[in-house]
*Asks:* 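Here it is, the structure in full.
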Amino acid sequence: MTKDGVQGVAEEADQAQSKKGLKKQQKEAEKAAKKAEKQAKLTTDQQSTDDDDIAKDRYGVAPMVQSSERLDRVLVRVQELTPEKADQLIWVRARIHTSRAKGKQCFLVLRQQQFNVQALVAVGERASKQMVKFAANITKESIVDVEGVVRKVEQKIESCTQQDVELHVDRIFVISQAEPRLPLQLEDCVRPEGEGDEDGRATVNQDTRLDNRVIDLRTTTSQAIFRLQSGVCQLFRDTLINKGFVEIQTPKIISAASEGGANVFTVSYFKTSAYLAQSPQLYKQMCICADFDKVFCVGPVFRAEDSNTHRHLTEFVGLDIELAFNYHYHEVIESITDTMVQIFKGLRDKFQTEIQTVGKQFPSEPFKFLEPTLRLEFMEGVAMLREAGVEMGDEEDLSTPNEKLLGRLVKEKYDTDFYVLDKYPLAVRPFYTMPDPNDNKYSNSYDMFMRGEEILSGAQRIHDAQLLTERAMHHNIDLEKIKAYIDSFRFGAPPHGGGGIGLERVCMLYLGLHNVRQTSMFPRDPKRLTP
Amino acid sequence: MYLLPCHPFAQEVCEFAKMALRELSSLEKALGLKKPNKYSTQGDNKQVPVLQSNSGPALSGLVTIATHLVKQANRADLLGESAEHRAVVQQWLEYRVTKVDGCQKEEIKPILKDLNSYLEDKVYLAGNQFTLADTLMYYGVHHIIMDQSVQDKETYVNVTRWFDHVQHYPGVRHHLHPVVILKNRLYTSSHH
């Protein structure tokens with residue numbers, strides 16, 4: 001192409017560009033004009049309808065609650081909306097669980113923790129068309145303040161917990177608006193497994209729930225699970241306090257791994273390293289040697305076990321017990337089993353609502369236990385397993401499948417979901433376990449099981465410094481590393497024993513759930529560090 | 001008397017031959033045959049048992065030889081009393097050598113499901129009559145049932161019931177370990 005040719009082309013290109021540009025500008029101008037027109041129309045519409053809106057002071061988005069004034073208003077709990085309050089005008093603060101507009105009416109379900117109630121906004125003397133429209137458009141999960149009259153209904157509202165009443169709304173204000181797109185739907189969260197598949201409706205998988213834990217925890221099932229868990233802690237404390245135990249707090253940053261070097265988290269500690277406690281074992285025992293006689297502690301336990309199973313967490317809450325006894329470690333077993341039975345009874349008697357709520361999504365058999373607690377010897381358990389065709393050695397530890405099978409056999413024979421297996425082989429227990437006085441292949445140690453899964457490992461501890469040293473050497477443990485521990489028994493130590501349970505695992509097994517993450521509020525495992 | 005030198009590379013397959021020969025030996029005892037026969041093996045990797053008889057051609061194949069032994073012992077009733085029964089017996093004998101023998105891990109469940117639904121309303125494979133099909137099927141599935149968990153045994157409840165019945169049938173169990181079958185159900189609810 002000649003120079004002129006190039007220039008010509010360039011000029012043409014310029015011209016073409018400016019033509020294009022003009023066109024573009026024109027289009028944009030048209031668009032803007034249309035938009036402005038629409039906006040203007042809307043505002044005029046709004047104004048015209050505003051003028052006709054008789055209810056405009058009775059609904060809307062309230063200004064953010066910044067504590068500007070202290071209203072002396074009583075907010076009634078949804079749980080208390082019963083026929084007794086019929087015809088009363090009351091205020092409620094709850095979440096919008098669902099909203100459904102139907103012509104001149106809008107049906108809302110207002111939810112507060114485990115309870116929900118139907119509310120109705122209807123065009124009439126008190127409510128306008130615009131108000132009904134507003135109510136129908138409030139996003140799910142938004143928190144609202146509602147004033148309304150409680151009315152009895154002729155037909156029970158099956159889908160709500162408050163089945164005999166509904167709220168006729170007079171005023172409704174949004175206190176905190178939720179974003180329109182929720183990361184998960186609450187109805188999907190509580191749908192039982194299997195039901196979803198039939199209807200083609202979704203259930204939410206565990207990872208999604210855990211990633212959006214704040215919303216998942218709002219569901220009725222989660223509320224019930226964690227209320228029950230709170231109950232377990234409280235019953236544990238109350239029962240032991242009544243037995244004369246003292247609650248202690250033990251350090252979690254320690255200088256030596258308490259259970260063994262493999263599964264421990266290391267933290268940097270100024271110029272050196274320290275470990276996160278795998279159990280309060282050492283300190284419980286030191287407290288006994290310090291004459292506290294009967295102690296318990298509730299606190300986190302850290303296990304750096306790279307296990308991705310249904311029942312392992314890297315951090316969980318340990319409920320630990322340790323007590324001095326007079327002459328026989330069975331005194332300890334009886335104290336622990338009695339505590340467990342008190343917890344089971346307390347849950348059964350005071351948390352039925354929660355147990356039933358969980359059961360709707362995760363059906364299971366009610367938890368059964370015997371009084372006094374069933375105690376079998378290890379060898380009896382082995383005999384039962386052998387009778388069922390399992391081959392195992394006399395001093396072999398129970399594998400998890402064998403534990404579960406034994407749990408089934410015990411349930412079938414004795415009709416209990418909770419039992420103790422006593423006199424484990426010495427070879428499979430930690431070095432500080434007291435050997436059996438009559439047969440040194442066995443030990444004064446025990447495990448406790450719920451629904452066939454182990455929840456507690458305990459024993460009589462060696463309280464004699466010399467024997468302890470011997471056993472440690474037998475296990476090839478570096479004596480230097482446990483010097484402080486052995487020293488605690490050198491200046492008079494009472495015979496003692498104890499055990500510890502995991503709060504999450506006990507709740508999971510009591511409710512017949514299948515994954516410990518369901519009973520841990522913000523679970524920690526090798527793959528999860530948030531939320 | 002039954003074991004012949006096997007090619008070292010065919011060791012695994014020789015196991016099949018060994019198993020077949022053991023079964024035939026047990027069958028002879030079960031049938032009350034006084035004089036045990038002499039077997040050899042043939043075929044690729046020497047896995048097919050062969051019985052050389054004095055009168056007539058050699059018989060090869062587990063089912064063929066077993067059928068012959070039954071007739072030899074004058075127990076033709078074990079092959080079925082009616083034409084229909086005989087056909088059913090043959091069908092299950094074939095199932096044993098074609099489907100059960102040498103089956104892969106993932107084929108086990110379908111086999112158990114098949115047997116379980118078939119046995120729902122029958123005492124034995126041929127209905128109400130104990131036949132050779134029960135004996136050979138028992139030999140064939142023994143290793144599967146041995147390895148089953150208690151829960152699986154309860155899932156395939158009809159197979160388990162039939163198996164326990166056959167393994168206790170007088171004279172049947174010779175070379176195989178008794179498998180423990182529990183009387184009571186441990187896994188009652190559908191949820192576990």
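The sequence lines fix the lettering, A, B, ..., with proteins before strands; numbering per chain opens at 1.
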*Asks:* Evaluate the side-chain contact (heavy atoms from CB on, under 4.5 Å) criterion for residues B:Val150 and A:Val390: first the C-alpha distance (whole Å), next the side-chain angles of each, then the deciding distance (0.1 Å), finally the verdict.
*Replies:* CA-CA 10 Å; B:Val150 174; A:Val390 171; over 6 Å; no
*Asks:* So do B:Leu182 and A:Leu409 actually touch side chain to side chain, heavy atoms under 4.5 Å?
*Replies:*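 Counting from C-beta outward, A:Leu409 and B:Leu182 do come under 4.5 Å.
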*Asks:* Is the number of heavy atoms from other residues, nucleotides or ligands within 6.0 Å of CD (A:Glu396) greater than 12?
*Replies:*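 Result for CD/A:Glu396: enclosed.
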*Asks:* Take atom CD in B:Glu84; do more than 12 heavy atoms of anything else shown fall under 6.0 Å from it?
*Replies:*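 At most 12 heavy atoms, drawn from other residues, nucleotides or ligands, come within 6.0 Å of this atom.
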*Asks:* Of all the heavy-atom pairs spanning A:Glu412 and B:Arg185, show the shortest one and how long it is.
*Replies:*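 For A:Glu412 versus B:Arg185, the nearest heavy atoms are CG-O, 3.5 Å.
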*Asks:* Is it the case that over 12 heavy atoms from other parts of the model lie below 6.0 angstrom from the NZ atom of B:Lys122?
*Replies:*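 Atom NZ in B:Lys122 is crowded, with more than 12 foreign heavy atoms closer than 6.0 Å.
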*Asks:* Crowded around B:His177 NE2? As in, over 12 foreign heavy atoms under 6.0 Å?
*Replies:*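 Not more than 12 within 6.0 Å, no.
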